[in-house]
Amino acid sequence: MNKDTLTITDNRTGRSYEISIQNDTIRALDLRQIKVNEDDFGMMSYDPAYTNTASCSSRITLVDGEKGILRYRGYPIEQLAEKSSFLEVAYLNIYGELPDSQQLSFWVERIMHHTFIHENLAKLMQSFRYDAHPMGMLIGTIAAMSTLHPDAKDIYDDQARQKQIWRLLGKLPTVAAFAYRRRIGRPYNYPDSSLGYTENLLYMMDYMNQGDYQVNPVLAKALDVLFILHAEHEQNCSTAVMRGIGSSHADPYSAMSGAAAALYGPLHGGANEAVLRMLNEIATVDNIPGYVEKVKAGKFRLMGFGHRVYKNYDPRARIIKKVADDVLAITGGNPLLDIALKLEEIALEDEYFVSRKLYPNVDFYSGIIYQAMGFPVDMFPVLFALGRAPGWLAQWLELIDDKEQRIARPRQVFLGSEQRDYLPMEQRG
Ligand code: ACO
């Protein structure tokens, strides 16, 4: 018998099936041959929330949740965070290899050249209500971009694809900064392409015509590292949405708008915002034990704790603690950091969290850093989206070129009513 197979016996019929194994997986469609009789649709696997279903093969990111490993294209996240830059990591994730110096300068020049947004888009952003959440503005504005770049529909034209990638990476910081300036009622600052990627973002957000204005290089670097840590994370909720929308051959703006919407939720990219709100609610170190008891009683979750994949530690959380030190050395201490450190200490010793393998994730500290840098809380998920954008694009490109992929269309187990006849109103109970 071929050893790379799985033998399944259907006890309903007594029949056995030999199913081939490749890369430690079986093809779900191979289960279809398992039938009770000829009219039977065939066996399916049931996997709500895709906890054990691979929806694609990918060569971009390896996450080993048990060992706490994260690698982009084979390079450990620790090395990239220390030695690389966000735009270089974006190139690596999208094209598969580190760029040489010529490739890198062309890539950076192209992206920074596309930082200006269409005036219609700037006006559209102006039309949001004064208190609009910047994440809602980002989602809506990315979707609107597709109306301004109809060539984005040519998803099989390599040049058109390249252009949308430069445009998206170039324009996102501008949209983020405009969303922020709109919220606080200040005029937009137009991009300065001579600055670095994160430096330009901070400039567009903060500049107020000061004669001696300069972005603090340590803060720009810290943001760059945070973006590297968020740049890619294989088949998470928002990436799955990017692929799902992309599978219908929608343009990348529409797909990314959906991905950003998925990121908005408090269980995903909205978690860093939720962490800050939680720390503010706890307010003092003395309140931590009472708060933890409520979490254990199932009243709510400890935000920034737990991860679907990482069950020992999140390698990004370690790097981020060091970034927090660098930033706080400049901005001064943050009382919320003291609460966070104590909360982490208490939770890591508590049987509830230990037995469920709940550890701080990347978002536990990112919010504290963002706050120390002066970002308002509702900008946090926007920053996450900016960091994740190259990952979404890398996955989208991989999907488009994958001959095995078709339009994403999951199955369901139908548990509803059998056929029944329509009841006139007067006969209903
Ligand atoms: N606080 C308290 N208990 C928790 C937490 C938490 N943060 N996370 C999980 N649990 C408990 C669950 O109640 C469950 O307990 P039970 O077995 O007694 O019912 C057990 O741990 C397993 O939880 P699941 O929901 O099955 O874990 P899942 O892998 O589906 O969820 C998730 C992962 C969504 C990240 C979850 O841990 C969570 O909600 N965390 C808080 C939100 C957060 O920080 N999200 C950011 C994720 S990282 C990112 O998106 C970049």
Side-chain angles (χ1 to χ4, degrees), residues 47-53 61 63-66 68 70 72 77 81 135 225-242 259-282 288-321 323 336 340 343-370 377 380-392 395:
D47 188 10
Y50 308 121
T51 47
N52 197 36
T53 294
T61 296
V63 178
D64 184 330
E66 291 304 319
L70 170 59
Y72 299 157
I77 190 66
M135 197 61 182
V225 174
L226 285 177
F227 280 7
I228 292 175
L229 298 184
H230 284 97
E232 211 330 82
H233 214 238
E234 51 118 313
Q235 307 312 314
N236 53 84
C237 177
S238 55
T239 301
V241 171
M242 182 87 193
L263 192 75
Y264 194 2
L267 297 189
H268 190 12
N272 51 18
E273 182 177 349
V275 169
L276 248 275
R277 295 194 197 285
M278 175 187 79
L279 294 175
N280 276 315
E281 196 187 322
I282 296 175
I288 295 175
Y291 194 87
V292 169
E293 282 315 309
K294 285 188 194 150
V295 169
K296 286 159 65 177
K299 291 211 163 91
F300 37 74
R301 291 190 166 197
L302 200 55
M303 299 316 285
F305 260 70
H307 198 275
R308 171 59 64 76
V309 180
Y310 295 119
K311 298 299 178 193
N312 277 319
Y313 68 91
D314 181 340
R316 302 167 299 174
R318 280 198 182 156
I319 301 168
I320 228 165
K321 258 183 149 171
V323 178
L336 294 184
L343 185 59
E344 179 183 358
E345 189 188 309
I346 291 177
L348 290 182
E349 283 171 4
D350 192 297
E351 203 275 330
Y352 175 94
F353 297 92
V354 174
S355 64
R356 288 170 180 76
K357 300 193 169 185
L358 299 170
Y359 298 87
N361 58 48
V362 65
D363 283 329
F364 191 65
Y365 286 104
S366 64
I368 294 169
I369 300 173
Y370 290 147
V377 170
F380 297 179
V382 173
L383 296 167
F384 190 161
L386 263 48
R388 182 55 55 85
W392 288 332
Q395 297 274 349

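Every number for a ligand or one of its atoms is a count from 1 in the order of the listing. Nothing here was measured: the structure is a model prediction, and the numbers come from that model.
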Check your understanding: Where does the angle between the aromatic ring planes of Phe384 and His268 fall among parallel (under 30°), tilted (30 to 60°) and perpendicular (over 60°)?
Key ->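 The arrangement is perpendicular - the two ring planes meet at more than 60°.
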Exercise. Taking only residues at least two apart or on different chains, which pairs with a member in residues 289-305 satisfy side chain to side chain donor-acceptor pair (under 3.5 Å)?
Worked result: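 Those involving residues 289-305 are Glu293-Lys296, Lys296-Asp350.
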- [ ] Examine distances only and state if a side-chain atom of Asn236 and a backbone atom of Glu234 form a donor-acceptor pair shorter than 3.5 Å.
- [x] yes
Hits for side-chain contact (heavy atoms from CB on, under 4.5 Å) against Ile346, two or more places apart or cross-chain, chain-then-number order -> Ile288, Val292, Lys342
Enumerate, atom names and distances included, each donor-acceptor pair closer than 3.5 Å involving a side-chain atom of residues 353-360, sequence neighbours excluded.
unit_1: Ser355; atom_1: OG; unit_2: Glu351; atom_2: O; d: 2.9
unit_1: Ser355; atom_1: OG; unit_2: Tyr352; atom_2: O; d: 3.3
unit_1: Arg356; atom_1: NH1; unit_2: Tyr352; atom_2: O; d: 3.2

If you measure from the Lys or Arg side-chain nitrogens to the Asp or Glu carboxylate oxygens, is any gap between Arg277 and Glu281 under 4.0 Å?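 No, Arg277 and Glu281 are not salt-bridged.
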Who's touching ligand 1 if we go heavy atoms under 4.0 Å?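 Leu267, His268, Ala271, Val295, Arg301, Leu302, Met303, Gly304, Phe305, Gly306, His307, Arg308, Lys311, Tyr352, Arg356, Leu358, Asn361, Val362, Asp363, Phe384.
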